[in-house]
K.L.:
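Shown below is the structure under consideration.
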2 protein chains.
Amino acid sequence: MNISTKTEYAVRALTELALNSADKPVSINDICKNQKLPVKYVEQLFRKLKQNGLVKSIHGAKGGYQLALEMYDISLKDIMEAVDENYVASFCNGNTKEHIYCLGLPCGFSKLWNEIKDHLEKYFDSIKLDQIVAKL
Amino acid sequence: MNISTKTEYAVRALTELALNSADKPVSINDICKNQKLPVKYVEQLFRKLKQNGLVKSIHGAKGGYQLALEMYDISLKDIMEAVDENYVASFCNGNTKEHIYCLGLPCGFSKLWNEIKDHLEKYFDSIKLDQIVAKL
DNA sequence: GGATAACATATTAAATTAGTATGAATTGGC
DNA sequence: GCCAATTCATACTAATTTAATATGTTATCC
């Protein structure tokens, strides 16, 4: 039950964009210099962020990334989902999507796990990038 | 950001106690037979649950475990904490307890991580064993 | 005294996560 | 046109964590 470093790195990187990419794109290199993050790892994260429509990119020299959405339209949940797939999915020992059976038996806990999952998703979705930046 | 199997197993095992250990102790063997869980693994979990005062034990033949507290005094947080130490602690890349520095730099995110941590702890503490049993 | 069951610890195995390596494709500036 | 900077893509390795097993000892009931 932890925030993964993937999520942490993504949040930190997106915060850099939020602060510096309004007019010009910012390169991963610059981001990683500022935040002391591993470049190649963060590259991977950014590809996922792009696939999920959170950032847009400009190729080639002087290229880089910019936010694709307004800060208040990017939630912590969006980030986690993009970067850390099934970030809150594998309850009930991950046996079925519907959580009706666990370990081959009808599972009485699906209700509980689903409620928790729901709560967490809503909570993380309520935290937006502009709020995160405001807390810095 | 998932419920560990440790927590899942512990919840399932404690539910068994909640339902069956009111008068007599219940053995780990019986619990694991019912819930199809690995005995030796669950043994370890129960030792931690005992250390944390959630269950009490009776040695020897006909022995086993019983809840040490009322069901409404055992929260999901208590269980997670007992069985899954630092279940929600390693934010901020786990570098310092206070989350004031990250990777050697003053960390602007400590506020965020701590708020999240706080929220999660309160949430999990609000879910009590009697409610879990009621949802079955 | 034998069966049952908690208690304790060490070890192995599996899975996940983090990070590196290598290289191709794209673009700006000289 | 070429070179540097940069995104894009994938494969691989290393580290860490988590799950589970193995091997016992100790206590208690019958």
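A note on names: the letters A, B, ... follow the listed sequences, proteins ahead of strands, and every chain is numbered from 1. Just so it is clear, the model here is predicted, and its values are computed rather than measured.
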K.L.:
Nearest whole angstrom, please: distance from the P of D:dA19 to the CG of B:D84.
P.N.:
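So the two atoms are 7 Å apart, to the nearest Å.
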
K.L.:
In whole Å, I'd like the distance from the CD1 atom of B:I58 to the P atom of D:dC29.
P.N.:
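After rounding, the gap between these two atoms is 8 Å.
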
K.L.:
By the 4.0 Å heavy-atom rule, please label B:F46 as base, sugar-phosphate, or nothing.
P.N.:
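Answer is nothing: B:F46 stays at 4.0 Å or more from every strand.
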
K.L.:
C:dA6 phosphate, OP1 or OP2: any side-chain N/O from B:S57 under 4.0 angstrom?
P.N.:
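So the side-chain polar atoms of B:S57 never come under 4.0 Å of the phosphate oxygens OP1 or OP2 of C:dA6.
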
K.L.:
Mapping B:G60 and B:R47 onto DNA chain C by nearest heavy atom, which one lands closer to the 5' end?
P.N.:
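Final value for this comparison: B:G60.
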
K.L.:
Roughly how many Å is it from CG in B:L49 to P in C:dA6, rounded to a whole number?
P.N.:
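It is 13 Å, rounded to the nearest whole Å.
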
K.L.:
Let me know the distance between NZ of A:K56 and P of D:dC8, rounded to the nearest Å.
P.N.:
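Roughly 14 Å, once rounded to whole Å.
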
K.L.:
At less than 4.0 Å, is any side-chain N or O atom of A:S27 found next to OP1 or OP2 of D:dA5? Yes or no.
P.N.:
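Answer is no, no contact under 4.0 Å.
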
K.L.:
Could you please name the option among D:dC30, C:dG19, D:dT7 that lies closest to any side-chain atom of B:K62?
P.N.:
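Side chain of B:K62 sits closest to D:dC30.
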
K.L.:
Just wondering, do A:I127 and B:L112 contact through their side chains at under 4.5 Å, heavy atoms?
P.N.:
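Sidechains of A:I127 and B:L112: in contact.
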
K.L.:
Over 60° means perpendicular and under 30° means parallel, so tell me whether A:Y123 and B:H119 are parallel, tilted or perpendicular.
P.N.:
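A:Y123 vs B:H119 ring planes: parallel.
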
K.L.:
Which sits closer to the 5' end of DNA chain C, A:S4 or B:N29, going by the nucleotide each is nearest to?
P.N.:
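Per heavy-atom nearest nucleotide, the more 5' residue is B:N29.
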
K.L.:
For C:dG19 and A:Y9 - does any side-chain N or O of the residue sit under 4.0 Å from the phosphate oxygens OP1/OP2?
P.N.:
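Indeed, a polar side-chain atom of A:Y9 lies that close.
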
K.L.:
Output the rounded distance in Å from NZ (B:K24) to P (D:dC29).
P.N.:
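My rounded result for the distance is 17 Å.
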
K.L.:
Once you round it to whole Å, what is the distance between C1' of C:dG19 and CD1 of A:I28?
P.N.:
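One finds 15 Å between C1' of C:dG19 and CD1 of A:I28, rounded.
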
K.L.:
Return the minimal non-hydrogen interatomic distance between B:N20 and B:D23, and the atom names on each side.
P.N.:
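Answer, listing the atom of B:N20 first, then B:D23: O-OD1, 4.1 Å.
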
K.L.:
On DNA chain D, does the nearest nucleotide to A:Q44 precede the nearest nucleotide to A:A61 from the 5' side, or the other way round? Give the residue.
P.N.:
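That would be A:A61.
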
K.L.:
Any chance NZ of B:K62 has more than 12 other-residue heavy atoms, nucleotides or ligands included, within less than 6.0 Å?
P.N.:
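Check fails, neighbour count at 12 or below.
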
K.L.:
Are any of A:Y65's side-chain N or O atoms less than 4.0 Å away from OP1 or OP2 of D:dT6?
P.N.:
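No, no such contact exists.
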
K.L.:
Which nucleotide sits closest to the side chain of B:P38: C:dC7, D:dT21, D:dC8?
P.N.:
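Of the options given, the side chain of B:P38 lies nearest D:dT21.
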
K.L.:
D:dT7, C:dG19, D:dA19: which one has an atom nearest the side-chain heavy atoms of B:K6?
P.N.:
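Nearest nucleotide to the side chain: D:dA19.
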
K.L.:
From the set D:dT7, C:dC7, D:dA19, return the single nucleotide nearest to any side-chain atom of A:H59.
P.N.:
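Out of D:dT7, C:dC7, D:dA19, the nucleotide with an atom closest to A:H59's side chain is D:dT7.
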
K.L.:
Can you tell me the distance, in whole Å, between the CD atom of A:E8 and the P atom of C:dG19?
P.N.:
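Computing the A:E8:CD to C:dG19:P distance gives 10 Å.
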
K.L.:
Among the candidates D:dT7, C:dA6, D:dC29, find the nucleotide nearest to the side-chain atoms of B:E43.
P.N.:
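Of the options given, the side chain of B:E43 lies nearest C:dA6.
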
K.L.:
Using only heavy-atom distances, decide whether a donor-acceptor pair under 3.5 angstrom links the side-chain of A:K40 to the base of D:dT10.
P.N.:
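Checked by distance alone, the answer is no.
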
K.L.:
Taking OH from B:Y41 and C1' from C:dA13, how many angstroms apart are they, rounded to a whole number?
P.N.:
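From B:Y41 OH to C:dA13 C1': 12 Å.
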
K.L.:
Does a side-chain N-to-carboxylate-O contact under 4.0 Å join A:E8 and A:R12?
P.N.:
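Counted as a salt bridge, because a side-chain N and a carboxylate O are separated by less than 4.0 Å.
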
K.L.:
Flag the pair A:E43 / A:K40 as yes when at least one side-chain heavy-atom distance between them is below 4.5 Å, and no otherwise.
P.N.:
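Of all side-chain heavy-atom pairs linking A:K40 with A:E43, at least one is under 4.5 Å.
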
